[in-house]
Amino acid sequence: MKFKYLFFIPLLMILISIATSIIAFKYSKTLEQGYVKINQQETEVVFDGEYFVVLGNISDLEKYIEVESTNDFIQITTYDEENNIVKDFHLTIKEKDKPYDASIIIETLSDDLILIDEMEDYLFYVGLEENKIYEFSMTQTVSNNDDQYLDLVLVNLPEHLYNMKNLNEGISFTTLVFAVISGLSLLGIAYVKKED
């Protein structure tokens, strides 16, 4: 076999790297459908199962948070160091054109005050079904002392899709590294052969 044909190996590895990078990007775009932002809208759920909530837009003033699931809504309240209410909201997540069902809440972290900086788990989990449209609404209560809303995002990242994304990213990076190493090695060998 002629030596120059060996240069097809790094080229093939670069093509594999590009292909797996594209596949990983497609998995990333699919996983983005597992993020549902709560902002007074209707959303069709793509992935079935348990969603956890990610909390954002917390100010330095807010030190504690409390979550209570009632028969009509989820109450989320934040407090300052002196236990004064900073933000207070009623959150409802329900299937479109159906009454609120408290059983949608699978689990809440705690009914007690939680130190925000030491939270080790998510505030609550909800069970949503795929291909159903849900209504999300968050209203400030009269106790609210801050004009800023909380940023709440429900997240469900199916493990098999997440693992496939990571696998393809790993293959893409590894084959690219080996393509560069093998290409440089072949160039070095070609240079030494030419010198001889």
Side-chain angles (χ1 to χ4, degrees), residues 1-63 65 78 93 106-107 109 114-134 136 148-196:
M1 187 169 77
K2 289 190 176 180
F3 180 76
K4 64 181 179 181
Y5 292 140
L6 292 175
F7 282 97
F8 284 111
I9 295 171
L11 289 175
L12 178 63
M13 294 175 84
I14 288 171
L15 290 175
I16 291 170
S17 177
I18 291 169
T20 52
S21 178
I22 291 168
I23 292 168
F25 179 74
K26 286 183 178 179
Y27 276 113
S28 293
K29 294 304 280 182
T30 302
L31 283 169
E32 285 178 12
Q33 296 174 340
Y35 292 87
V36 179
K37 187 166 172 55
I38 296 176
N39 57 0
Q40 318 295 73
Q41 89 287 9
E42 296 176 357
T43 302
E44 183 175 353
V45 170
V46 175
F47 300 129
D48 192 54
E50 198 172 278
Y51 285 71
F52 59 86
V53 68
V54 176
L55 182 66
N57 200 24
I58 297 287
S59 68
D60 293 336
L61 183 65
E62 297 166 277
K63 299 298 178 188
I65 192 163
T78 62
I93 301 169
I106 296 171
E107 180 186 353
L109 180 56
I114 303 159
L115 187 59
I116 293 171
D117 289 339
E118 295 180 4
M119 278 176 46
E120 295 180 357
D121 201 354
Y122 300 105
L123 285 177
F124 58 88
Y125 294 84
V126 296
L128 305 179
E129 296 177 39
E130 65 182 311
N131 300 324
K132 289 193 175 178
I133 297 174
Y134 289 87
F136 303 92
Q148 296 292 316
Y149 273 78
L150 289 169
D151 287 336
L152 298 177
V153 179
L154 297 175
V155 180
N156 179 359
L157 302 176
E159 193 172 338
H160 67 286
L161 294 177
Y162 186 73
N163 289 341
M164 287 302 293
K165 177 187 85 76
N166 287 341
L167 175 66
N168 281 283
E169 285 176 347
I171 291 170
S172 176
F173 178 75
T174 305
T175 53
L176 184 61
V177 168
F178 279 118
V180 170
I181 292 170
S182 62
L184 292 175
S185 299
L186 289 172
L187 286 173
I189 292 168
Y191 179 74
V192 168
K193 284 180 82 172
K194 188 177 178 183
E195 289 291 306
D196 291 341

Taking the side chain as every heavy atom from C-beta outward, state whether I93 and L128 have any atom pair closer than 4.5 Å. yes

Is S21 reaching over with its side chain to a backbone N or O of S17, donor-acceptor style, under 3.5 angstrom? no

Can you tell me how far the CG atom of L167 sits from the OG atom of S172, to the nearest 0.5 Å? 11.0 Å

Applying ring-ring contact (aromatic ring centres under 6.0 Å, His included), can you list everything that pairs with Y134, at least two apart in sequence or on another chain? none

How about CZ on F136, more than 12 heavy atoms from neighbouring residues, nucleotides or ligands closer than 6.0 Å, or not? yes

So do the side chains of Y35 and L157 get within less than 4.5 Å of each other, counting heavy atoms only? yes

Rounded to the nearest 0.5 Å, the OG1 atom of T174 sits from the CE atom of M13 at a distance of 9.0 Å

Verify side-chain hydrogen bond (donor to acceptor under 3.5 Å, both in side chains) between E62 and S59, making sure each step is shown before the conclusion. CA-CA 6 Å; E62 297 166 277; S59 68; 3.0 Å; yes

Closest approach of K63 to L115 (non-hydrogen atoms, all atoms of both residues): O-CD1, 3.4 Å

If you look at every heavy atom in N168 and A24, which pair is closest and at what distance? CB-CB, 3.8 Å

Flag if over 12 foreign heavy atoms under 6.0 Å of NZ, K37: yes

Contact summary for I133 and E42, nearest pair of heavy atoms: CG2-CB, 3.9 Å

Just so I know, are the side chains of L55 and I65 near enough to count as touching, which here means a heavy-atom distance under 4.5 Å? yes

Under 3.5 Å, is there a donor-acceptor pair between the side chain of N156 and the main chain of Y51? no

So, taking the atom named CD in E159 and the one named CG in N166, what distance separates them when rounded to the nearest 0.5 Å? 10.5 Å

With T30 via side chain to side chain donor-acceptor pair (under 3.5 Å) - residues at least two apart: none

Checking I16, V180, L12 against T175 for side-chain contact (heavy atoms from CB on, under 4.5 Å), the one that qualifies is I16

Check: S185 side chain, I181 main-chain N or O, donor-acceptor pair, under 3.5 Å: yes

What pair of heavy atoms forms the shortest contact from P10 to S182, and how long is it? CB-OG, 3.6 Å

Rounded to the nearest 0.5 Å, how far apart are CG of L31 and OH of Y27? 9.5 Å

More than 12 non-hydrogen atoms from neighbouring residues, nucleotides or ligands closer than 6.0 Å to CZ on F52, yes or no? yes

d(K29 NZ, K165 NZ) to nearest 0.5 Å is 12.5 Å

Which distance, rounded to the nearest 0.5 Å, do you find between the CZ of F47 and the CG of N131? 11.0 Å

